[in-house]
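Residue numbers begin at 1 in each chain, while the letters A, B, ... track the order of the sequences.
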Amino acid sequence: MFKQNKFTVSHAPFWHDGDSIKEMNLNIMAAALPATLFGIIQFGMAALGVVCLSIASAMAWEALFCVAAKRPIVIHDYNAAVIGMLFGMMLPATLPWWAVITGTFVCIVIGQQIFGGIGGNPFNPTLIGMAITSLSWQHLFDFNTALVNYQLTFTALDPLAALKHQGASVVAMFPTSSLLMGKQIGAIGSIFAAGLIAGGIYLIIRGYIRWEITLSYIAGIVVTAWIFNITDPVKYATPMFHLLTGYTLLGAFFLANETSSSPVNLIPMIIYGVIGGCLTILIRNIGAYPDGTIYAILFINLINPLIDKIRPKAFGTIRPKNSGKECKQCVK
Amino acid sequence: MIKRSFIGLTEPKLKCDLVEPGPKEPEAIPIPPRLILLLNEPLDSTKETLVKKGDMVNKGERIFLYKESKEYVAAPVSGTITTVAPFTGDFGELATYLVVETNAKQDIHKSFTESISIPDIQTADSYLRGIAGNPPLKLLAEAADGAKSNGINIKKIIISGIDQDILCTTRQFALTRFRDELSKAVAFLKQLTGISDISIVMPDALAKLSAFNGMNIVKISSDYVDSLSPMLMDKYLGISFVPGKTCEELGLCFISVEALFSLVKSYSQKEPVYEKIITIIDKKGKKSRVSATIGTPIHRIFTKIGVETAEKDRIIIGGPLRGVAAYTLYYPVTPDMDTLMVQDSSVIPTISDYPCINCGKCVRICPTNVPVNVLVRYLEANLYQDAADSYDLFSCIECGLCSYVCSAKIPIFQYIRLGKHELNKIELEMIKEAENV
């Protein structure tokens, strides 16, 4: 027998649509870039430092944990980078370096790696990090004090904190156009609403986030805020104000959609989104915190496994149309 | 390879290829000096085989492994057997392969010629298994013979003019090639099987041809999964699919157009037909068609029509979504081999051991609403029974689309097939045990 070539043997399918986790994560980062860049321009080098440190330390923590846990190092899939970037976007530009590093440690290690890494986390890792750090050092996350040294040309007040303390009269101080164009104070990546919307629409068109979750989350916000607003317009702000301030848009397009902590079936996605939006407004309007996005999304992450059990009947498990044959699944 | 489009708002829709208009006749591959035959029965080292090295066989002669064997393979040429060796299939199923060295003088074995006065399914099963297209004679014969039917009662025969994968066109080619003789062939099939409920399925683009007027035609769309048997049965024939049951168990029998015409020709020429039509798809996607004797090693076909293969390429028997990879160019042409495809090593996609990230693309694309994202977690943990009980493992019709779109590149399709295979194996063992008690 003469020399034979060795062929690649594997199982079907032999085609793949070419998508990958890396591709998805790079797209998410690209979509988050406009809002982040705007924040960096607004808040200067300090903001750039925070975002870069956040991304870098998130990747470093993942690599370190993988070494310690004797797992293959997979930072090249940019999963840690996405978590780090979103975490960085949620921070005030003046956050000290040690808080950033501690925060990414919580995000990566406690939020994701101890559950088995990518795909295993029951909660959005970024939000775990945010919740723990913001509760631990509340004074660092008060945007009014954090950004007190900036000379800004617009109303230098955190819209949500102002709303909490002074009621809906403050809404007039923040016209919709200036909120859209980023003329508000807040976290590095959350102030430029137009940029977040553009990035989000890009991700929806590319199919990298589930538009059902985003839309139902926004619908939940708008409807709940509207109900509050018509019951007492003096106390509660308009839906548009809620939509364009705080972490709302970041949550709708980037946080509620985190793949492993959100549902995949249509009805669950809608329930998940609506509850998330509704809770955000409830916390803002009658809860203790100025911004409820973090806890609202963590809560819907919690109910995700339960509601995702609502799913369409699989092929053949619907009772047969014409034959009297009993089917396995129906009997059970 | 069809890649993801820039706009990913909806799931990709794959279309099956249609046979080209005015197809050329397949190029005939000469009978090679050596043929390889696969016999669907494992070798047993404790017993002496009937067939031995050096035995002479005539064309059409049946080769049995042991005296009490029921399985046979017919020799497609006259020749001398030079090897009898064990063979392992894709899922570890054991078989035997035989090498036949072709003789210069070709004699036809007489037994079939002598016993074919009237078409009858039992004689057809005794002599014609494994002719080109692999007609399901064993199934039909057992179903007709009440004692062996195992509860299978075939009520309807479907002549299939559609292919089972997106790039394949062999059956469609056979349909257009033999379209003028189809009504006669249907009448023959009625006579042979005694089953009068016969339909022909074909892509609706081909159903416009005038040759099919007046026949019992089922037109199906060219959307990819519509052509798969369970989907076709449920969507177009009104027979509800039952998870865990095959179409045959539900009373349907599929026979490809080519298999039907092999049967018709075998009877009219009084000689079994062993020339199989195969569509070859080269690395650039160019298609050509050949007609090769069953048992021909595939390298003969590639050399003849100038398809080059290099180290680390992939040779696929069947289509890109449901085929099987061959590890050697000495793999023989089998009776049901419709398509051969060569994939260049540079375009072979990788698979990974990533966990599922729950992106939901598989759930969106699954034509049968299987919760693939949860199912795959159970299958990865070897919890096959739980997967079947709670997460619809047996609703899967094996289209391969979930693996095609998986961002984490998990071999989901293989996990599903493995799960089904393991469960079926356990079931068979339990049946065997019950019989022994």
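Across all their heavy atoms, B:P243 and A:F315 have their closest contact at CG-O, 3.9 Å. Residues B:G319 and A:F14 approach most closely at O-CD1, 3.8 Å, considering heavy atoms. Considering every non-hydrogen atom in both A:S10 and B:A325, the closest pair reads O-CB, 3.3 Å.
For A:N265, the part lying near chain B is the side chain, with the backbone staying farther off; criterion is any non-hydrogen pair under 4.5 Å. With a 4.5 angstrom heavy-atom cutoff, B:L418 does not touch chain A via any of its atoms. Within the 4.5 angstrom heavy-atom criterion, atoms from both the backbone and the side chain of B:I7 approach chain A. Proximity to chain A (any heavy atom under 4.5 Å) is shown, for B:P367, by neither the backbone nor the side chain. With a 4.5 Å cut-off on non-hydrogen atoms, B:V405 touches chain A through its backbone and its side chain both. The part of B:I397 that comes within reach of chain A is its side chain, from C-beta onward, which places non-hydrogen atoms under 4.5 angstrom from that chain. Within the 4.5 angstrom heavy-atom criterion, atoms from both the backbone and the side chain of B:T309 approach chain A. Heavy atoms of A:R311 lying under 4.5 Å from chain B belong exclusively to its side chain. Heavy-atom distances place no part of B:L14 under 4.5 Å from chain A, backbone and side chain included. Contact of B:C359 with chain A is made through backbone and side chain together, with heavy-atom distances under 4.5 Å.
Taken to the nearest 0.5 Å, the CD1 atom of B:I357 stands 9.0 Å off from the CG atom of A:D77. Distance OG/B:S403 to CH2/A:W15: 15.0 Å, rounded to 0.5 Å. To the nearest 0.5 Å, atom NZ of residue A:K309 and atom OG of residue B:S390 are 8.0 Å apart. Interatomic distance, B:I316 CD1 to A:T8 OG1, rounded to the nearest 0.5 Å: 10.0 Å. With rounding to the nearest 0.5 Å, the separation of CZ in A:R206 from OG in B:S5 is 8.0 Å.
Within the cation-pi definition used here (under 6.0 Å to the ring centroid, within 45° of the axis), B:R314 does not qualify as a partner of A:F7.
Looking only at side-chain heavy atoms (C-beta outward), A:N5 and B:D313 stay at 4.5 Å or farther from each other. Using a 4.5 Å heavy-atom cutoff, the side chains of B:N358 and A:V264 are in contact. Looking at heavy atoms from C-beta onward, A:H11 lies in side-chain contact with B:I351 at the 4.5 angstrom threshold.
Interface summary for chain A: among B:R377, B:M231, B:M341, the most heavy-atom pairs under 4.5 angstrom belong to B:M231. For chain B, the option among A:G120, A:S261, A:P312 with the highest count of heavy-atom pairs below 4.5 Å is A:P312. The choice from B:R322, B:E398, B:Q343 that makes the most heavy-atom pairs within less than 4.5 Å of chain A is B:Q343. The greatest number of non-hydrogen atom pairs below 4.5 Å with chain B, out of A:I205, A:N79, A:I118, is found for A:I205. Per-residue heavy-atom pair counts under 4.5 Å with chain A were compared for B:C399, B:S345, B:A310, and the maximum is reached by B:A310.
More than 12 heavy atoms of other residues, nucleotides or ligands sit less than 6.0 Å from atom CD1 of A:I310. In this structure, B:Y327 places its OH atom where only 12 or fewer heavy-atom neighbours from other residues, nucleotides or ligands lie under 6.0 Å away. The number of heavy atoms from other shown groups lying within 6.0 Å of CZ (A:F65) is above 12. The number of heavy-atom neighbours closer than 6.0 Å to CD of B:E93, taken from other residues, nucleotides and ligands shown, is above 12.
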Kindly determine whether B:N373 and A:D308 satisfy side-chain contact (heavy atoms from CB on, under 4.5 Å), including the steps that lead there.
CA-CA 11 Å; B:N373 62 329; A:D308 210 17; 4.2 Å; yes
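One finds no salt bridge joining A:E23 and B:K3 here, because no Lys/Arg side-chain nitrogen approaches an Asp/Glu carboxylate oxygen to under 4.0 Å.
Of the possible donor and acceptor atoms, one in the side chain of B:E311 sits under 3.5 Å from a partner among the backbone N and O of A:K6. Side-chain atoms of A:D19 never come within 3.5 Å of backbone atoms of B:S407 as a donor-acceptor pair (strictly under, hydrogens ignored).
Aromatic ring pairs are classed by plane angle as parallel below 30°, tilted from 30° to 60° and perpendicular above 60°; the pair A:H16 and B:Y404 is tilted.
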